[in-house]
Chemist: 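Can you read through this structure? Questions will come right after.
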Amino acid sequence: IITKGMKELLVKVGNPQALDKTLNSMGGFVGQNLDGSYLQENGCYIVRAVSGDIGYIKFAIQNQGYAKIVEERDIEKAP
């Protein structure tokens, strides 16, 4: 369920599967298509938090160097 104010991150990463596994343990995930491939937009992968609070996921990505954050945006404005 997407609610007003929820955010997502667009990130650059070499191995989206490894990032997805790492984020799963923190309540986050890299979006996937129905065929299991990872969603991309303009060469970036889409990261969301299960709880809707992207703050912890963003903090971990920035401080642990898991990926490069390109943009943070409201989910309701996403394509």
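Just so it is clear, the values below take in all heavy atoms, side chains as well, and ignore hydrogens, waters and symmetry mates.
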Chemist: Answer whether the closest heavy-atom distance between the side chains of D74 and K7 falls below 4.5 Å.
Modeler: yes

Chemist: With clusters defined by side-chain heavy atoms of hydrophobic residues (ILVMFWY) lying less than 4.5 Å apart, directly or transitively, does L10 cluster with I61?
Modeler: no

Chemist: Give a yes or no answer on whether the side chain of N33 reaches the backbone of D35 with a donor-acceptor pair at less than 3.5 Å.
Modeler: no

Chemist: Is there a chain of hydrophobic side chains (I, L, V, M, F, W, Y, each step under 4.5 Å between heavy atoms) that links I46 to I75?
Modeler: no

Chemist: Around atom CG of N63, are there more than 12 heavy atoms from other residues, nucleotides or ligands closer than 6.0 Å?
Modeler: yes

Chemist: Measure the CD-NZ distance between Q62 and K68 for me, rounded to the nearest 0.5 Å.
Modeler: 11.0 Å

Chemist: How far does NZ of K12 sit from CD of E71, to the nearest 0.5 angstrom?
Modeler: 12.0 Å

Chemist: Please give me the minimum heavy-atom distance between A49 and F29, naming the atom from each residue.
Modeler: C-CE2, 4.3 Å

Chemist: Do you know which two heavy atoms are closest between G27 and I57, and how far apart they sit?
Modeler: C-CD1, 4.1 Å

Chemist: Shared ILVMFWY cluster between I54 and Y56, side chains joined below 4.5 angstrom?
Modeler: yes

Chemist: Looking only at heavy atoms, what is the nearest atom pair of V13 and A67, with distance?
Modeler: CB-CB, 3.9 Å

Chemist: Let me have the donor-acceptor pairs involving side chains of residues 17-24, under 3.5 Å, with sequence neighbours excluded, atom names and distances please.
Modeler:
{"from": "D20", "atom 1": "OD1", "to": "N24", "atom 2": "ND2", "distance (Å)": "3.4"}
{"from": "D20", "atom 1": "OD1", "to": "V30", "atom 2": "N", "distance (Å)": "2.9"}
{"from": "D20", "atom 1": "OD2", "to": "Q32", "atom 2": "NE2", "distance (Å)": "3.4"}
{"from": "D20", "atom 1": "OD2", "to": "Y38", "atom 2": "OH", "distance (Å)": "3.3"}
{"from": "T22", "atom 1": "OG1", "to": "A18", "atom 2": "O", "distance (Å)": "3.0"}
{"from": "N24", "atom 1": "ND2", "to": "D20", "atom 2": "O", "distance (Å)": "3.0"}
{"from": "N24", "atom 1": "ND2", "to": "G28", "atom 2": "O", "distance (Å)": "3.0"}

Chemist: Can you name the residues that form a side chain to side chain donor-acceptor pair (under 3.5 Å) with S25, not counting sequence neighbours?
Modeler: none

